[in-house]
Amino acid sequence: MIQVIENKGLKIETLKKRNDFLRVANANRKWVTPAMVVQTCMQPENDDHIIRVGFTASKKVGNAVQRNRAKRRMREVVKRVMAFSAEKKHDYVIIARKEIADLPFNELIRDLKWALKRLHKSAGKSGSRNN
RNA sequence: UCAGAUGACCGGAAGAUCGCUGCUGCCUUUGUGGUAGAAGAGGAAAGUCCGGGCACCACGGAAGAACGGUGCUGGUUAAUGGCCAGCGAAGGUGACUUCAGGGAAAGUGCCACAGAAAAUAUACCGCCAUUUAUUUGGUAAGGGUGAAAUGGUGCGGUAAGAGCGCACCGCCUUUCUGGUGACAGAAAGGGCAGGGUAAACCCCACCGGGUGCAAAAUCGAAUAGGAACGACUGGCUACGGCCGCUUAUCUUUCGGAGUGUCGUUCGGGUAGAUUGCAUGACUUGGCUGGUAACAGCCAAGCUAGAUGAAUGAUCUUACAUCAGGAUUUAGAUAAUAAAUCUUGAGGACAGAACCCGGCUUAUAGGUCAUCUGACGCU
């Protein structure tokens with residue numbers, strides 16, 4: 001797994017600015033899975049080796065303990081999936097849903113892979129539109 | 001053994017793999033680097049309800065008014081509405097618990113319904129005397145109303161009654177004794193002053209300036225705009241403009257637009273960064289004083305510091321606990337209890353955000369200490 005990262009030369013950073021979150025949300029490319037919602041768009045700056053990922057857990061997920069746990073699980077999933085199935089020059093935002101605390105970890109990995117696949121496929125086929 | 005009361009404590013464990021945060025050492029291509037090491041959430045981190053430290057703002061000092069808060073006494077503390085020790089009242093067989101516990105003889109307001117009468121009192125049925133009378137007078141024992149009706153019980157007394165008199169209890173005043181005090185006890189005097197409500201206004205005593213670390217300080221880009229200086233650049237003016245010049249190439253006319261540009265410096269202080277920011281009313285242990293809260297002294301220690309917010313994720317193993325099933329033992333082939341095996345579920349409330357002291361609320365399950373009552377045994 002580490003080798004994959006090295007081969008592709010990709011580096012994962014986290015999104016921190018509110019503006020970035022809004023930009024990704026407005027791009028209107030998203031895929032919904034039982035545990036989370038995945039949004040994506042192209043990066044404005046051109047650095048080939050960086051993928052940026054933002055995490056959102058609103059109050060709907062639960063209290064502070066449950067929100068933090070949701071973010072940590074998302075971060076772990078991203079670490080294992082994004083390294084070899086993300087696209088260069090893209091920003092991603094992952095929004096937690098209530099079920100994220102209860103679902104098994106393997107299912108989260110499978111769902112994120114599937115969501116990324118669908119997003120990239122639809123981007124290639126029909127531009128930026130996806131409902 | 002059972003049922004309680006009070007106080008204190010724990011609040012998941014072990015292993016493997018992969019990470020995150022700042023710190024220290026070394027290396028270093030000085031970077032958002034590499035590597036090694038030790039460290040990294042709570043009893044409530046929560047609610048943001050009180051009290052402080054700290055910072056800024058306002059303000060000459062002090063007192064008062066207004067507003068808000070507190071409200072038995074003494075102590076403790078940086079401080080409190082907290083805590084400790086007492087007092088009083090209420091509850092409990094008891095250990096013990098609860099109390100918004102100053103003033104109702106400073107004044108004002110309110111008290112439904114019932115009732116004669118709910119407060120400058122008064123007399124419905126009664127009782128007694130008197131009278132021709134359904135009259136007049138005396139009474140407040142008894143009845144009735146109500147949450148509440150001029151203190152209670154007994155004896156005397158009387159026409160009937162009544163603190164009218166007496167005894168005891170209650171109440172009020174004064175004095176004495178004990179206590180720092182809240183208050184307690186005793187004696188003497190007074191026939192009794194008179195409902196509730198102050199979580200109604202109010203009175204009395206004491207306390208309180210405001211805003212909060214997104215406070216505040218330092219450094220400080222980029223863009224736009226501002227000021228000063230220098231270089232080059234057209235005049236007139238009555239300050240409204242007019243003429244001139246420029247606007248990709250030559251000449252003329254008309255219309256529109258422009259009339260300054262460049263460089264340096266300064267100030268403002270935005271994004272961002274650093275400080276504030278963890279050596280403190282600190283933690284642990286011991287000794288001394290104190291009933292205790294707590295205080296003093298000595299020794300040792302350094303124990304989270306994030307900022308879209310680290311302190312974990314995944315897997316495995318037992319274990320507490322819960323539910324179902326089976327077997328054995330006790331028991332009446334019952335109910336039930338205990339033990340063993342097995343299958344499944346499964347770890348509460350909850351995440352530091354400047355820091356402390358409290359309070360309140362949430363919390364699966366478990367441990368310990370002291371004490372009380374009941375039963376049994378000696």
Side-chain angles (χ1 to χ4, degrees):
Chain A
M1 205 184 299
I2 306 165
Q3 281 195 333
V4 175
I5 295 176
E6 282 176 356
N7 285 347
K8 266 200 156 181
L10 289 177
K11 202 168 165 186
I12 300 175
E13 290 192 347
T14 48
L15 283 180
K16 293 188 177 178
K17 292 280 160 52
R18 182 175 160 74
N19 281 342
D20 291 329
F21 280 84
L22 292 178
R23 186 168 49 74
V24 174
N26 286 334
N28 223 357
R29 288 172 62 191
K30 68 176 181 184
W31 189 259
V32 181
T33 76
M36 51 200 166
V37 179
V38 183
Q39 301 174 323
T40 185
C41 79
M42 294 288 287
Q43 276 178 20
E45 302 94 18
N46 289 323
D47 190 339
D48 283 351
H49 303 300
I50 292 180
I51 307 169
R52 298 194 299 172
V53 187
F55 304 96
T56 297
S58 69
K59 280 202 177 169
K60 278 187 217 164
V61 175
N63 60 16
V65 173
Q66 282 158 357
R67 291 201 300 272
N68 284 344
R69 180 171 154 79
K71 282 191 199 173
R72 288 195 297 260
R73 292 194 94 191
M74 286 191 289
R75 224 174 276 143
E76 207 64 27
V77 169
V78 162
K79 211 161 66 189
R80 295 182 185 197
V81 173
M82 285 288 194
F84 52 87
S85 55
E87 289 272 304
K88 291 180 184 173
K89 295 195 207 172
H90 273 68
D91 286 346
Y92 298 89
V93 169
I94 304 182
I95 302 168
R97 308 181 80 194
K98 224 177 189 173
E99 291 74 11
I100 196 163
D102 301 325
L103 285 177
F105 194 67
N106 286 333
E107 227 165 282
L108 296 184
I109 292 180
R110 203 194 59 211
D111 284 352
L112 182 61
K113 277 185 189 167
W114 175 248
L116 290 176
K117 203 166 152 192
R118 292 301 300 247
L119 285 171
H120 298 148
K121 199 172 160 193
S122 72
K125 211 161 49 178
S126 64
S128 64
R129 279 281 150 162
N130 187 12
N131 294 322

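Every heavy atom of this structure was used, including side-chain atoms; hydrogens, water molecules and symmetry mates were not. Within every chain, numbering begins at 1; the chains are lettered A, B, ... in the order of the sequence lines, protein sequences first and strands thereafter.
Every residue two or more places apart in sequence or in another chain that forms a side chain to side chain contact (heavy atoms under 4.5 Å, CB included) with A:Arg110 is listed here: A:Glu107. Scanning for side chain to side chain contact (heavy atoms under 4.5 Å, CB included) contacts around A:Arg97 gives A:Val32, A:Val37, A:Glu99, with sequence neighbours left out. Considering only residues two or more places apart in sequence or on other chains, A:Ala115 meets the side chain to side chain contact (heavy atoms under 4.5 Å, CB included) condition with A:Trp31, A:Thr33, A:Val38.
Under the Watson-Crick and G-U wobble criteria, each requiring two contacts below 3.5 Å, nucleotide B:rG305 is left unpaired. Nucleotide B:rG230 forms a pair with B:rC262, judged by Watson-Crick or G-U wobble geometry with both contacts under 3.5 Å.
B:rG366 and B:rC298: their C1' atoms are spaced 39 Å apart (whole Å). On the P atoms, B:rG194 is 31 Å away from B:rC206, given to the nearest whole Å. Separating the P atom of B:rA105 from that of B:rU93 is a span of 37 Å, rounded to the nearest Å. Comparing B:rU32 with B:rG272, their C1' atoms sit 15 Å apart, to the nearest whole Å. As rounded to the nearest Å, B:rA348 and B:rA46 have C1' atoms that lie 15 Å from one another. Here, B:rC54 and B:rA217 have their C1' atoms 14 Å apart, quoted to the whole Å. Look at the C1' atom in both B:rC169 and B:rG138: the space between them is 32 Å, to the nearest Å. Here the separation of B:rC10 from B:rU70, taken at their P atoms, is 35 Å to the nearest Å.
Taken to the nearest 0.5 Å, the CG atom of A:Asp111 stands 6.0 Å off from the CE atom of A:Met36.
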Could you list the protein-to-nucleotides 306-310 of chain B atom pairs, N/O on both sides, closer than 3.5 Å?
unit_1, atom_1, unit_2, atom_2, d
B:rG308, O2', A:Leu15, O, 2.9
B:rG308, N7, A:Lys16, O, 2.7
B:rG308, O6, A:Arg18, N, 3.4
B:rG308, N2, A:Phe55, O, 3.4
B:rG308, N2, A:Thr56, OG1, 3.1
B:rA309, OP2, A:Arg75, NH2, 3.1

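Put simply, A:Arg69 has no side-chain N or O that comes within less than 4.0 Å of OP1 or OP2 on B:rG312.
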